[in-house]
Amino acid sequence: MFTSSRVSSFNRHMKTHTSEKPHMCHLCLKAFRTVTLLRNHVNTHTGTRPYKCGDCDMAFVTSGELVRHRRYRHTHEKPFSCSLCKYASVEASKLKRHIRSHTGERPFQCRLCSYASKDSYKLKRHMRTHSGEGLLTTVSCAACWSSEALSVGSG
DNA sequence: ATTCGCTAGCGCCCCCTGCTGGA
DNA sequence: TCCAGCAGGGGGCGCTAGCGAAT
């Protein structure tokens, strides 16, 4: 039937469906499922970065971060290719974001106006135009701003 | 049973560029 | 014409989670 390894993996997988997180960070009280996750997290507090790049002076908390860094900076390996154009990326998430430029998909909707973005940070940046944070402008979104709000937004 | 190594994924921030409207 | 504001596209890193393999 199942090998002991398979049973072990299954048992571990089942734990992912629970909220059990017995390993707590003593510095911020955040809890984690495994010791490894906790160790990595504590390293972010202490600044411990065991994975050092051999080609520059950068260092990272996890091996995955180092691999990704090396692809970006040194090997330029780009495993994720767009099937619609020549674009290729180090990360799957970047390809996903790129594909939205083909499909026109805009999942990040502004709750104050009709603007929608393909990228979460673009929406966050857009929101500054509503709050006036660091910006001074005529408000382009006449659909959702009253004249009173305009006077606030424009300083 | 536990740990290691790796991959996947989400999020954040920044830079560069092109467009647009007002001075 | 110049400049500032804004959005689009993309690069790079921080961090967490899941899983196969090794210990």
Side-chain angles (χ1 to χ4, degrees), chain A residues 2-25 27-28 30-53 55-82 84-110 112-142 150 153-155:
Chain A
F2 297 108
T3 65
S4 62
S5 173
R6 283 286 176 192
V7 171
S8 174
S9 292
F10 179 73
N11 288 338
R12 184 177 54 176
H13 169 78
M14 291 309 289
K15 287 186 177 182
T16 68
H17 296 298
T18 75
S19 58
E20 185 185 2
K21 293 181 176 181
H23 307 282
M24 183 176 287
C25 173
L27 295 171
C28 70
K30 187 171 182 178
F32 296 87
R33 210 183 302 281
T34 68
V35 174
T36 303
L37 283 172
L38 173 60
R39 187 187 306 131
N40 286 343
H41 170 81
V42 170
N43 282 345
T44 69
H45 285 303
T46 63
T48 304
R49 294 167 178 262
Y51 297 90
K52 303 184 190 310
C53 178
D55 292 318
C56 69
D57 58 359
M58 292 284 283
F60 302 89
V61 170
T62 69
S63 60
E65 291 172 67
L66 175 58
V67 168
R68 185 178 57 181
H69 159 81
R70 290 188 52 76
R71 283 177 177 165
Y72 271 123
R73 298 288 193 173
H74 305 301
T75 69
H76 302 111
E77 180 189 358
K78 296 180 177 180
F80 302 96
S81 299
C82 178
L84 299 173
C85 70
K86 292 179 179 177
Y87 176 79
S89 174
V90 168
E91 298 179 75
S93 63
K94 297 301 183 293
L95 176 59
K96 190 176 176 181
R97 184 177 65 181
H98 163 81
I99 287 174
R100 291 194 189 118
S101 68
H102 290 304
T103 65
E105 182 190 7
R106 293 168 179 267
F108 303 95
Q109 174 69 51
C110 177
L112 297 177
C113 73
S114 60
Y115 174 78
S117 173
K118 302 165 185 172
D119 177 275
S120 62
Y121 183 69
K122 297 299 187 301
L123 175 58
K124 187 173 182 177
R125 185 179 62 180
H126 163 81
M127 295 308 288
R128 294 180 196 154
T129 68
H130 291 306
S131 69
E133 178 191 336
L135 298 173
L136 39 109
T137 180
T138 57
V139 176
S140 58
C141 182
L150 276 171
S154 59

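Below, chain A is the first sequence line, B the second, and so on; all start at residue 1.
One can place CG of A/Asn43 at 13 Å from C1' of C/dG14, the figure rounded to the nearest angstrom. As a whole-Å value, the separation of A/His126 NE2 from B/dC19 P is 21 Å. The interatomic distance linking A/Met127 (CE) with B/dC12 (P) rounds to 14 Å, in whole Å. Regarding A/Tyr72, its OH atom lies at a distance of 14 Å from the C1' atom of B/dC15, rounded to whole Å. Rounded to a whole Å, the CG atom of A/Leu95 is 14 Å from the P atom of C/dG9. The nearest whole Å value for the distance from the CG atom in A/Asp119 to the P atom in B/dC12 is 10 Å. Going from atom CG of A/Leu66 over to atom C1' of B/dC4 covers 15 Å, rounded to whole Å. Computed from coordinates, the A/Leu123 CG to C/dG9 P distance equals 15 Å when rounded to whole Å.
Remark: A/Glu105 does not engage A/Lys118 in a salt bridge, criterion side-chain N to carboxylate O under 4.0 Å. Under a 4.0 Å N-O distance rule, the pair A/Arg70/A/Asp55 qualifies as a salt bridge.
Under 3.5 Å, the side chain of A/Lys78 and the base of C/dG11 form no donor-acceptor pair of N or O atoms. Judged by distance alone, with hydrogens and angles left aside, A/Glu91 brings a side-chain donor or acceptor within reach of the base of C/dC13, the pair sitting under 3.5 Å. Below the 3.5 angstrom threshold, one finds no donor paired with an acceptor across the side chain of A/Arg97 and the base of B/dG11.
Residue A/Tyr87 places at least one side-chain N or O under 4.0 Å from the OP1 or OP2 atom of C/dG11. Checking the phosphate oxygens (OP1, OP2) of C/dG8, a side-chain nitrogen or oxygen of A/Tyr115 falls inside 4.0 Å. For C/dG14, the OP1/OP2 oxygens have a side-chain nitrogen or oxygen of A/Arg49 closer than 4.0 Å. A close approach under 4.0 Å does occur between a side-chain nitrogen or oxygen of A/Arg39 and OP1 or OP2 of B/dC4. Not one side-chain nitrogen or oxygen of A/Lys94 sits closer than 4.0 Å to the OP1 or OP2 atom of C/dG12. Side-chain nitrogen and oxygen atoms of A/Lys122 include none within less than 4.0 Å of the OP1 or OP2 phosphate oxygen of B/dC12. When the side-chain nitrogen and oxygen atoms of A/Tyr121 are compared with OP1 and OP2 of C/dA7, none of them lie within a distance under 4.0 Å.
Taking for each of A/His69 and A/Lys118 the nucleotide of DNA chain C with the nearest heavy atom, the 5'-most of the two is the partner of A/Lys118.
Backbone-only contact: A/Arg73 has heavy atoms under 4.0 Å from sugar-phosphate atoms and none from a base. Residue A/Phe108 is out of contact with every strand shown, counting any heavy-atom pair closer than 4.0 Å. Here A/Val90 lies out of heavy-atom contact (under 4.0 Å) with every strand. Using a 4.0 Å heavy-atom distance criterion, A/Arg100 is classed as making no nucleic acid contact. As judged by a 4.0 angstrom heavy-atom cut-off over every strand, A/Arg71 is placed among residues making no nucleic acid contact. Contacts of A/Ser89 with the nucleic acid, taken as non-hydrogen atoms under 4.0 Å apart, are absent. Here A/Ser101 lies in heavy-atom contact (under 4.0 Å) with sugar-phosphate atoms only.
The SG atom of A/Cys113 lies 7.5 Å from the CD atom of A/Gln109; values are rounded to the nearest 0.5 Å. Separating the OG1 atom in A/Thr62 from the CZ atom in A/Arg68 is a distance of 7.5 Å, to the nearest 0.5 Å.
The side chain to side chain contact (heavy atoms under 4.5 Å, CB included) test with A/Val90 is passed by exactly one of A/His69, A/Glu77, A/Arg71: A/Arg71. Among the candidates A/Arg100, A/His126, A/Lys124, the single residue satisfying the side chain to side chain contact (heavy atoms under 4.5 Å, CB included) test with A/Phe108 is A/Arg100.
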Please tabulate, one pair per line, all N/O donor-acceptor pairs under 3.5 Å involving side-chain atoms of residues 40-47 of chain A, not counting sequence neighbours.
residue : atom : partner : partner atom : Å
A/His41 : NE2  : A/His45 : NE2          : 3.0
A/Thr44 : OG1  : A/His41 : O            : 2.4
A/Thr46 : OG1  : A/Val42 : O            : 3.4
A/Thr46 : OG1  : A/Asn43 : O            : 3.4
A/Thr46 : OG1  : A/Thr48 : N            : 3.3
A/Thr46 : OG1  : A/Thr48 : OG1          : 2.8

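For A/Val35, the listed nucleotide lying nearest its side chain is B/dT3; candidates were C/dC13, B/dT3, B/dC6.
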